[in-house]
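Data block below; observations after.
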Protein chains: 2
Amino acid sequence: MKPVREHNLGLVLRRVAEQGPRSRATLALETGLNKSTVSSLVADLIDAGLLRDSPVEERPARVGRPPQSVELDPDGPFVLGLEINVDYLAVWATDLAGEVRHRSFVTNDNRATSPPDVIALLARMAEEALEQPFAGSRHPMLATVAVPGLVDRAGELAVAPNLGWVGVPVARLLNEALEDPPYAVRVENEANLGAVAELVEGAGRGLSDFVYISGEIGIGAGVVLRGELFRGASGFAGEFGHLTIDPFGPPCGCGGRGCLERLAGQDTLLRLAGWDARMRCEGARPEWPGAMLADSARAGHARTLEALSQVGHTLGIGIASLANLLDPEAVLLGGYLAPLSQWLRVPIEGELETRALAGRGMRCRVLPARLGGEAAVRGAVALSRQAALEEAAALPTA
Amino acid sequence: MKPVREHNLGLVLRRVAEQGPRSRATLALETGLNKSTVSSLVADLIDAGLLRDSPVEERPARVGRPPQSVELDPDGPFVLGLEINVDYLAVWATDLAGEVRHRSFVTNDNRATSPPDVIALLARMAEEALEQPFAGSRHPMLATVAVPGLVDRAGELAVAPNLGWVGVPVARLLNEALEDPPYAVRVENEANLGAVAELVEGAGRGLSDFVYISGEIGIGAGVVLRGELFRGASGFAGEFGHLTIDPFGPPCGCGGRGCLERLAGQDTLLRLAGWDARMRCEGARPEWPGAMLADSARAGHARTLEALSQVGHTLGIGIASLANLLDPEAVLLGGYLAPLSQWLRVPIEGELETRALAGRGMRCRVLPARLGGEAAVRGAVALSRQAALEEAAALPTA
DNA sequence: GCAATTAGTTGGGGCTATCAACAAACTAGC
DNA sequence: GCTAGTTTGTTGATAGCCCCAACTAATTGC
């Protein structure tokens, strides 16, 4: 296929996928292409089974022939988002419009299970998704797996500290467990996918440069630059939790000293607030620490408030360094940090004010993330979806 | 002009500009375009005065018709790179191939001169460049001004601490001083331009993600991501010198505490090595501290070596944070740090080893920059040149 | 019911890349 | 020295794709 045609097909398809049903006329206006060109492109996309005539009425003007909207064909391709976390597995399926068609969630202590067994279980869940009625006899186009660890550019999980996994070729194992599926499998870091999710449907919508800070058991970050996920040269960008805050501070599991994660991570925060960190394990629900500390803060417990202030200042120092280096529009507080952001915000902004250089009124904003514990899976499907939309435009050739 | 033609013209033009003279046949091979398409494109570019037939012989095969190389027309467009630094002004002119056609350098205490006067002087230098024989009756296509301070996206110099300038609209003033020149003027931070220069013709050649650390009176950085300069949302990315190293350290001029620049900047390094920081002013030459400390280190002075080690460790902590966040392929030590890199490298790499997470063998490299004090002007012309090449491809319309 | 208005389709035209054939220019070997 | 072989560059024909203008379709307002 000629690259120009492919480009224009992608332009139209993405527009409909991201902005919803619309008429050929509005598409022509929005893309700058000619009416007749758009008609031809839309016809191709309908033939390819990607779009269909939509019943949705669009009425921009009071007189004239009513427009005929087109929308994504709900029987068109779909994609998968998978997640391996410390104590659960999740699988979501969406169509190209991002409409969720299936979701499953299974709690499992993945630390106590061998990587191949965890992946076999995840493969079963993915296969079950394909047996649902919505799937019909179709295959998904792509699957993305969210994992809580460092993923190299080849898709191998180099290390996942909280899972106790080292050097697990997740993509390969999953491909084997699925017996060579007719769709590609990619693996991506959980925080990176959280950032993608917030970019697509969360607090990062409309932003082009931001950092999503993921407070799980560790502290990670996903970096979005110029509207795209930034992975770094070897895929390890966003290790925000291991920024040095105090060079001679307490040793961290990573081998360094005074890492942000060690000084302001979940365990430290709970300890400062007066809870025994071991209680975390009993909670089972990953949202536990955030919700509980928020309750405690709302109740006005001085020790909790004090702990949040201290952790906020520490986080603020790290965020200020990040802001000096990258000058983002915003920093999103995700994971257990999101429900605590109303208390963290003041100390963080204080540190930003004193430590970060920036233009007047251009200061980096501090916002709570919106997608909670679902951020990683949502990001996984979203990334699959983005890639599938690129690919689908090249497809009408076949 | 049809965007496809424009794109292909740009493809061919950039190829010749960056890779040197080559035949139509090799261009066809390299771009993937058809032989006849390339011939047509080249003909257009020759008509536009951008390319010309080259005497350079290319002999890839032993038999067959000898290829006819084309090269950039030396009488074609040229661009300017200007620099305002603390104690000098510089102007370079290059053709689109990057060949330097003119350079001028004037020492001037710009702290003691009012911004409009400094810019008037710079404008005079730029006008003189255009009176040189190489310019003929042509105008340059673009000029880029390197300044030692924060430049916002509108091209206004928000603050230049070492110059004592605040809120100077450099681009506007220069345009006025030049009485509406027929070429565009852009303004860019000195460290950013240093990074561009190292990317194009220095230690960053072939790299796609790196950070250039510019040790001048302050410490700045230019961030190159995916082969392009990254400016951040408001243009202030790369303020590496104000990363917090020690949250309760000594106060810094920026309002923060324990900034990298305060703990490992030029003044601190000189003081630790036993020199009075005020001596700096007498040196006049900007290369002074690097060259002198290198001499002292080579002579084996214990105090100098000790100071370099300490500063190296401090820098290493900052670089490790940077590496955790961005995962670059390399960090380039520029400015006065370049000649000292053989002593700084060991402590920096030590800190990277303990504090930066990264894959085995994928560790961020630490390299000396290659372009010394010329990095900023070289980057200024290089950036002008890049932009001019984009623009020139759209030009044959006229 | 008719003018006005907006949406979508159809056929013609022009631009551009591609292809195939050919001309040009050189080497190698007899 | 001449011819076969090889590589480069050009030329004319071809096909694809976008654009334009004219036309049809469908609705509102008077």
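Just so you know, these numbers use all the heavy atoms, side chains as well, and skip hydrogens, waters and symmetry mates. Proteins get letters first, then strands, A, B, ... in listed order; numbering begins at 1 in each.
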*Minimum-distance pair of heavy atoms, taken over all atoms of A:Ala387 and A:Arg186*: CB-NH2, 3.8 Å
*What is the distance, rounded to the nearest whole Å, between atom NZ of B:Lys2 and atom C1' of D:dC20?*
12 Å
*Within this structure, what is the CG-to-P distance between A:Leu51 and C:dG8, rounded to whole angstrom?*
14 Å
*For A:Pro77 and A:Gly49, which heavy atoms make the closest approach, and how far apart are they?*
CD-O, 4.3 Å
*Examine distances only and state if a side-chain atom of A:Glu329 and a backbone atom of A:Asp209 form a donor-acceptor pair shorter than 3.5 Å.*
yes
Distances under 3.5 Å only, N/O to N/O: pair up the protein atoms with those of nucleotides 11-13 of chain C.
none

*Which residue lies toward the 5' end of DNA chain D, B:Gln68 or A:Asn8, if each is placed at its nearest nucleotide?*
B:Gln68
*Rounded to the Å, how far apart are B:Leu9 CG and C:dC15 P?*
15 Å
*So, does B:Glu198 use its side chain to make a donor-acceptor pair with the main chain of B:Arg370 at under 3.5 Å?*
yes
*Could you pull out the closest heavy-atom pair between B:Arg153 and B:Gly235, with the gap in Å?*
CG-N, 3.9 Å
*Check the distance between D:dT10's P and B:Asp44's CG and give it to me in whole angstrom.*
13 Å
*Taking atom types as modelled, find out whether B:Arg14 and B:Thr31 have a side-chain donor-acceptor pair closer than 3.5 angstrom.*
no
*Is the phosphate of D:dT10, meaning OP1 or OP2, less than 4.0 Å from a side-chain N or O of B:Ser39?*
yes
*asked:* Less than 4.0 angstrom between a side-chain N/O of B:Arg5 and OP1 or OP2 of C:dC15, yes or no?
replied: no
_Between D:dG16 (P) and A:Glu6 (CD): distance, integer Å_ = 17 Å
*Rounding to a whole Å, what distance do you find between B:Asn34:CG and D:dT10:C1'?*
12 Å
*How far apart are the C-alpha atoms of A:Arg15 and A:Arg22, what are their side-chain angles, what is the distance that settles it, and do they pass the side-chain contact (heavy atoms from CB on, under 4.5 Å) test?*
CA-CA 9 Å; A:Arg15 198 89 210 166; A:Arg22 57 224 312 103; 4.2 Å; yes
*Closest approach of B:Leu33 and B:Leu41, non-hydrogen atoms and distance?*
CD1-CD1, 3.8 Å
*Over how many whole Å does the gap from B:Arg22 atom CZ to D:dG9 atom P extend?*
13 Å
*Send over the distance from B:Leu29 CG to C:dT18 C1', rounded to a whole Å.*
16 Å
Write out a two-atom table: protein N or O, nucleotide N or O from nucleotides 27-30 of chain D, distance below 3.5 Å.
residue: D:dT27; atom: O2; partner: A:Gly64; partner atom: N; Å: 3.3
residue: D:dG29; atom: OP1; partner: A:Arg62; partner atom: NH2; Å: 3.2

_B:Glu374/B:Arg378 ion pair, N-O < 4.0 Å_ = yes
*asked:* Go nucleotide by nucleotide along DNA chain C from the 5' end; which of B:Lys35 and B:Leu41 gets its closest nucleotide reached first?
replied: B:Leu41
*Mind checking B:Ser40 for me? I need base, sugar-phosphate or nothing, with any heavy atom below 4.0 Å counting as a touch.*
nothing
